[in-house]
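What follows is a single structure, written as structure tokens, with notes after it.
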Amino acid sequence: MTTWLLTGGAGYIGAHVARELLASGRQVVVLDDLSAGHRERVPADATFIGVSVLDTAAVRDALTRYDVTGVIHLAAKKAVGESVEKPLLYYRENVGGMVSLLQAMADAGTRCLVYSSSAAVYGDPPWSPISEDTPCAPLSPYGQTKLIGEWMVRDEAVARPLSWVSLRYFNVAGAGSPDLGDSSANNLIPLVFAALDRGEAPRVFGTDYPTDDGSCVRDYIHVSDLSEAHVAAAALCESGEVATVFNVGTGRGASVWQVMATVSEVVGRDVGAVAVERRVGDPPELVASVDRIAGELGWSASRDLRDMIASAYAAHR
Ligand code: UD1
């Protein structure tokens with residue numbers, strides 16, 4: 001039985017990944033400073049360490065004490081708008097966090113790493129679907145820090161033995177169980193439910209994009225599918241030398257209007273979404289090419305947009 005350390009393991013995605021790792025028969029150590037995570041989301045079967053990934057000595061101690069095989073690194077700041085206002089915070093937490101983690105792993109001799117990257121590394125690519133070979137041109141400090149993190153992992157793996165997978169998440173949504181919803185209300189689906197709670201109309205940011213119905217198209221991926229991808233990536237790292245980047249999406253796009261229509265179906269009434277101005281910096285279409293992850297990892301998403309919205313709604317209620 002192997003043990004994996006999960007940074008950010010008390011967060012929305014981390015709590016799902018922790019459960020999936022435990023279900024796969026691995027032991028789990030969650031390291032989380034609870035700046036965004038929730039202690040009660042850490043499963044009882046996991047060990048919890050309440051420190052920041054910036055505390056290199058504490059990370060090194062945890063890696064050594066629990067004889068950790070690999071790390072899944074999720075701990076990071078993730079709000080695009082905030083990153084524009086506070087870039088240094090993002091460089092400190094996300095890039096500084098990666099320096100700290102890689103140092104601790106080198107000191108402890110930890111050889112496996114699954115890194116949480118983002119479709120934000122692509123910026124506004126000229127074609128869709130987006131393969132992993134598409135040139136990266138992030139549009140925000142957040143996206144920059146995620147891309148720099150990928151470079152750091154790659155460089156470190158040249159200098160010492162390190163088996164790694166970087167996962168570029170597309171738009172993560174849904175909940176694996178009603179107690180594990182996305183409570184941050186930063187992203188479209190939680191924002192729609194928040195608007196409905198206030199008795200307001202959900203807003204569609206921009207309806208004059210060059211897409212079929214004029215609204216932005218995204219590749220929404222269920223957090224449970226994403227969690228399964230992490231466990232498959234961890235297993236791949238354990239099995240030998242690996243150094244690769246995978247998109248994690250469904251390969252299918254959904255427009256904002258389609259999301260609104262599906263929310264209406266799920267809640268049983270027309271949510272009355274209204275068109276408003278474009279939000280600055282939103283690319284028209286971001287859909288993953290998922291050929292590489294299907295071919296090399298044998299993983300593909302099994303849940304659809306309705307599953308995501310229905311589970312998010314159950315968690316929201
Ligand atoms: C999100 C994340 C980004 C992450 C990326 C890929 C944010 C702000 N962005 O980007 O960190 O890297 O996924 O995983 O957290 N929209 C509306 N009305 C709303 C809210 C959103 O129409 O009230 C639209 C947006 O214009 C966009 C789509 O819904 O087209 C999705 O928006 P959002 O959930 O914020 O995600 P992204 O901006 O795609």
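Order of appearance sets the numbers: ligands from 1, and atoms from 1 within every ligand.
Each of the following atoms of ligand 1 lies closer than 4.0 Å to a heavy atom of Val204: 22 (O). Set against the non-hydrogen atoms of Phe170, the atoms of ligand 1 under 4.0 Å away are 6 (C), 14 (O). Close approach of ligand 1 to Ala120 is summarised as follows: ligand atoms under 4.0 Å from at least one heavy atom of the residue are 12 (O). Atoms of ligand 1 lying under 4.0 Å from any heavy atom of Leu191, numbered from 1 in the order shown and given with element: 20 (C), 23 (O). Close contacts of ligand 1 with Arg203, meaning ligand atoms under 4.0 Å from a residue heavy atom, involve 17 (C), 18 (N), 19 (C), 22 (O), 23 (O). Of all the atoms in ligand 1, the ones that sit under 4.0 Å from a non-hydrogen atom of Asp282 are 25 (C), 26 (O), 38 (O). Those atoms of ligand 1 that come under 4.0 Å of a heavy atom in Cys216, given as number and element, are 30 (O). Using a 4.0 Å cut-off to heavy atoms of Ser118, the atoms of ligand 1 that qualify are 4 (C), 6 (C), 12 (O).
A salt bridge links Arg26 to Glu238: at least one charged side-chain nitrogen sits closer than 4.0 Å to a carboxylate oxygen. Under 4.0 Å is where a charged nitrogen must lie from a carboxylate oxygen, and between Arg39 and Asp32 no such pair does. Under the 4.0 Å criterion applied to side-chain N and carboxylate O atoms, Glu93 and Lys86 are not assigned as salt-bridge partners. Arg168 has no carboxylate O lying under 4.0 Å from a charged side-chain N of Glu132, or vice versa, which leaves the two without a salt bridge. The existence of a salt bridge linking Arg154 and Glu150 is excluded, since no basic side-chain nitrogen approaches an acidic carboxylate oxygen closer than 4.0 Å. Taking 4.0 Å as the cut-off between side-chain N and carboxylate O, Asp133 and Arg292 count as a salt-bridged pair.
Under a 4.0 angstrom heavy-atom cut-off, Tyr220 registers as being in contact with ligand 1.
Atom 3 (C) of ligand 1 has as its closest protein heavy atom Val80 CG2, 3.7 Å. With respect to atom 13 (O) of ligand 1, the closest heavy atom belonging to the protein is Asn171 ND2, 3.4 Å. For atom 15 (O) of ligand 1, the closest heavy atom belonging to the protein is Asn187 ND2, 3.0 Å. With respect to atom 38 (O) of ligand 1, the closest heavy atom belonging to the protein is Arg279 NH2, 2.9 Å. Leu188 N, 2.8 Å is the protein heavy atom nearest to atom 34 (O) of ligand 1. In terms of protein heavy atoms, atom 24 (C) of ligand 1 is closest to Val256 CG2, 3.7 Å.
Side chain of Trp299 to backbone of Asp225: a donor-acceptor contact under 3.5 angstrom is found. A donor-acceptor distance shorter than 3.5 angstrom exists from the side chain of Thr250 to the backbone of Arg252, with no hydrogens or angles considered. Not one N or O on the side chain of Thr145 forms a donor-acceptor pair closer than 3.5 Å with the backbone of Tyr90. Panel note: side chain Ser83, backbone Val80; a donor-acceptor pair is recorded below 3.5 Å. For Lys146 (side chain) and Lys78 (main-chain N/O), no donor-acceptor pair under 3.5 Å exists by modelled atom type.
Tyr12 and His38 have their aromatic ring centers separated by at least 6.0 angstrom.
The shortest N/O to N/O separation between Ala119 and ligand 1 does not fall below 3.5 Å.
Here Lys146 has no heavy atoms under 4.0 Å from ligand 1, in either its backbone or its side chain. Proximity of Phe205 to ligand 1, defined as any heavy-atom pair under 4.0 Å, is shared by backbone and side chain alike.
For atom 27 (C) of ligand 1, the nearest non-hydrogen atom from the set Arg218, Met260, Glu82 comes from Arg218.
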